[in-house]
Number of protein chains: 2
Amino acid sequence: MFLNEFDATMQHIQGKWKIMILYELHEQGVVRFNQLQRYIDAISSKTLTNQLKELEEMGVITRVVFPVVPPHVEYSLTAKGESLIPVLDLICEWGLAQVEPQLLDRTLCQE
Amino acid sequence: MFLNEFDATMQHIQGKWKIMILYELHEQGVVRFNQLQRYIDAISSKTLTNQLKELEEMGVITRVVFPVVPPHVEYSLTAKGESLIPVLDLICEWGLAQVEPQLLDRTLCQE
DNA sequence: CTGCATCCATGACGATACTG
DNA sequence: CAGTATCGTCATGGATGCAG
């Protein structure tokens, strides 16, 4: 039944900051932990860690650890993560259409 | 910033049972309270009432009360609600693609 | 039939402090 | 730099009972 597929997708984007993470990785390519934290700005390191871990477990992002001091960790989107972007775009676009119907031919809702 | 548009949409579909309600109204047209409760089957009347109220407040569904005894209330989608269906379809479709990539040319995830 | 009221369990998230 | 540990808060939703 379709609820399962819906929930399957939702598990990937649910979470207060997941889309911001996803979009930032999409635009920047490779991003470090601190970059994300500065970009999102209101997120605690604990929450950021959790959301990243969940995204990684679902195969949406890749986590690469460089064994150096000080620590260096890089995050980036997987192919699966990239395939999620158009879905986010549509969701975003619908939200924009509700607020400002006349702006609909912008390049989606980013920026 | 795009997070706002994303959240705007999310407010409409977030909630454990909202998509089921939306799809059921989409397919049946006009549905009564008890029909929904029997259809969803695991939902309590309190939760169903809450989700319906939220959907109504956002202009996604219409609530029509017939002043008779016993009470008779009908719910249906508004135009705004209908416009949400393609978004749900895409979300659903992505979820399906993750589970069974070979079934992708089905008519989305319903059935 | 269609709710509302109440109480309760769970989980998401934040604040703060600490570590290798 | 990139987290972990602990504690606290708040919203969501379930269970049950009652009402017009």
Side-chain angles (χ1 to χ4, degrees), chain A residues 3-4 6-22 24-25 28-58 60-77, chain B residues 3-4 6-22 24-25 28-58 60-77:
Chain A
L3 222 224
N4 296 329
F6 184 89
D7 284 344
T9 307
M10 279 311 169
Q11 301 245 338
H12 295 80
I13 55 184
Q14 224 163 56
K16 199 169 175 184
W17 309 107
K18 289 220 177 87
I19 353 96
M20 293 196 70
I21 297 173
L22 260 17
E24 181 69 359
L25 293 184
Q28 305 299 324
V30 174
V31 181
R32 298 182 58 180
F33 187 90
N34 248 12
Q35 258 179 290
L36 279 172
Q37 194 166 14
R38 261 179 288 108
Y39 173 64
I40 298 185
D41 165 73
I43 198 173
S44 67
S45 71
K46 173 203 160 188
T47 302
L48 180 55
T49 302
N50 281 340
Q51 310 246 325
L52 287 170
K53 190 180 301 176
E54 288 174 20
L55 289 171
E56 191 199 358
E57 281 168 0
M58 307 217 211
V60 173
I61 68 175
T62 305
R63 179 172 179 267
V64 180
V65 182
F66 295 83
V68 297
V69 178
H72 181 125
V73 181
E74 288 181 352
Y75 295 93
S76 56
L77 287 185
Chain B
L3 223 225
N4 295 329
F6 184 88
D7 285 344
T9 307
M10 280 311 167
Q11 301 245 335
H12 296 79
I13 54 184
Q14 223 163 58
K16 200 169 175 184
W17 310 106
K18 290 220 178 86
I19 352 97
M20 292 197 70
I21 296 172
L22 259 19
E24 180 68 0
L25 293 184
Q28 305 299 326
V30 174
V31 182
R32 297 183 57 179
F33 187 90
N34 246 15
Q35 257 178 291
L36 279 171
Q37 195 167 15
R38 260 180 288 111
Y39 174 63
I40 298 185
D41 164 72
I43 197 173
S44 67
S45 72
K46 172 204 161 188
T47 302
L48 180 54
T49 302
N50 282 341
Q51 310 245 328
L52 287 170
K53 190 182 300 176
E54 289 173 21
L55 289 171
E56 191 197 359
E57 281 167 1
M58 306 217 211
V60 173
I61 66 175
T62 305
R63 179 171 180 269
V64 180
V65 183
F66 294 83
V68 295
V69 179
H72 180 125
V73 181
E74 287 181 353
Y75 296 92
S76 56
L77 286 185

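Being a predicted model, the structure only gives us computed values, none of them experimental.
- Counting to the nearest Å, the P atom of C/dA12 and the CE atom of B/Met10 are 16 Å from each other.
- In terms of phosphate contacts, A/Lys16 brings a side-chain nitrogen or oxygen within less than 4.0 Å of OP1 or OP2 of C/dG14.
- When the C1' atom of C/dG3 is taken as reference, atom CZ of B/Phe66 falls 17 Å away, rounded to whole Å.
- The phosphate of D/dG3 has OP1 or OP2 within less than 4.0 Å of a side-chain N or O from A/Tyr75.
- In this structure, B/Leu48 atom CG and D/dT16 atom C1' are separated by 17 Å, rounded to whole Å.
- Contacts of B/Arg63 with the nucleic acid, taken as non-hydrogen atoms under 4.0 Å apart, involve only primed sugar atoms and P, OP1 or OP2.
- Considering only side-chain atoms of A/Pro71, the nucleotide from D/dG13, C/dG20, C/dG3 that sits closest is C/dG20.
- The CG-P distance, from A/Asp41 to C/dC13, rounds to 17 Å in whole Å.
- Comparing C/dG3, C/dG14, C/dC1 by their closest approach to the side chain of B/Asn34 singles out C/dC1.
- Look at CD1 on A/Ile43: it is 16 Å from P on C/dT16, rounded to the nearest Å.
- Residue contacts shown for A/Gln51 are limited to sugar-phosphate atoms, with no base heavy atom under 4.0 Å away.
- Relative ring orientation between A/Phe33 and A/Tyr75 is described as tilted, the plane-to-plane angle lying within the 30° to 60° band.
- Side-chain proximity of A/Val73 to the nucleotides D/dA2, C/dC13, C/dC4 is greatest for D/dA2.
- A/Thr47 has a side-chain polar atom (N or O) that falls below the 4.0 Å cut-off from OP1 or OP2 of C/dG14.
- Rounded to the nearest 0.5 Å, atoms CG (A/Asp41) and CZ (A/Arg38) are 11.0 Å apart.
- C/dT2 atom P lies 9 Å from atom CD of B/Gln37, rounded to whole Å.
- In this structure, A/Lys46 places its NZ atom 10 Å from P of C/dA12, rounding to the nearest Å.
- Screening A/Thr49, A/Asn50, A/Ile43 against A/Lys46 for a side-chain contact (heavy atoms from CB on, under 4.5 Å) leaves a single residue, A/Asn50.
- Residue contacts for B/Thr49: at a heavy-atom cut-off of 4.0 Å it reaches the sugar-phosphate backbone alone, with no base atom in range.
- Residues A/Ser45 and A/Gly15 both approach DNA chain C. Their nearest nucleotides, taken by heavy-atom distance, put A/Gly15 toward the 5′ side.
- A donor-acceptor contact shorter than 3.5 Å links the side chain of B/Lys18 to the backbone of B/Gln14.
- Side-chain contact between A/Leu55 and A/Leu22: present, with at least one pair of heavy atoms (C-beta onward) separated by less than 4.5 Å.
- Close to C/dT2, at under 4.0 Å from its OP1 or OP2, lies a side-chain N or O of B/Arg32.
- The separation between B/Ile40 atom CD1 and C/dT2 atom P is 14 Å, rounded to whole Å.
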